[in-house]
Amino acid sequence: QVHLVESGVGLVQAGGSLRLSCAASGSGFRIVAMGWYRQAPGKQRELVATITSRSGTTNYADSVKGRFTISRDNAKNTVYLQMNSLQPEDTAVYYCNTRTEVSFSWGQGTQVTVSS
């Protein structure tokens, strides 16, 4: 299993920016991809963005395209989510995710609150 530790502040004003980080450790298997998901109150968890470890191919939810950027540092086994132009509808718990060749792992979750 991969152990994921998220970090980053989670309270911003509308129109502001926030950066989340997630560091992975404890796995003897290659990390295939990393990503971010979020879950808003009363809603199911949804994909925000993913990035593959080998090629850096990214995928974004339509709701965040042009505002959020996912990146990774393979040497540090770390994935980042840069969130710009944040809006109240972005308020949710954000979860880091990693996929290896044998398992999926989740971070502890970070509450992101965007005030209007």
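In this text the structure is predicted, and so the values were computed from the model without any measurement.
With contacts defined as side-chain heavy-atom distances shorter than 4.5 Å, the pair His3/Val5 qualifies.
Between the side chain of Asn97 and the backbone N or O of Tyr37, no donor-acceptor pair lies under 3.5 Å. Proximity of a side-chain donor or acceptor of Arg99 to a complementary backbone N or O of Val32 within less than 3.5 Å is not detected.
The CG atom of Leu4 lies 8.0 Å from the OG atom of Ser25; values are rounded to the nearest 0.5 Å. If you take CG on Asn84 and CZ on Arg19, they are separated by 12.0 Å, rounding to the nearest 0.5 Å. For the atom pair Asn59 CG and Leu47 CG, the distance stands at 6.0 Å (nearest 0.5 Å).
Between Phe68 and Tyr94, the two ring planes are tilted [angle within 30° to 60°].
When all heavy atoms are compared, the tightest approach of Met34 to Asn77 is CE-O, 4.1 Å. Of all the heavy atoms in Gln82 and Ser17, the pair that sits closest is NE2-CB, 3.9 Å. Across Glu6 and Thr110, no two heavy atoms sit closer than the pair OE1-OG1, 2.7 Å.
Counting only N and O atoms by type, the side chains of Ser115 and Gln13 include no donor and acceptor under 3.5 Å apart.
No cation-pi contact links Arg72 to Tyr80, judged by a cut-off of 6.0 Å to the six-membered ring centre and 45° from its axis.
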field: Stepwise side chain to side chain contact (heavy atoms under 4.5 Å, CB included) test for Arg67 and Tyr60
entry: CA-CA 10 Å; Arg67 299 188 298 121; Tyr60 295 93; over 6 Å; no
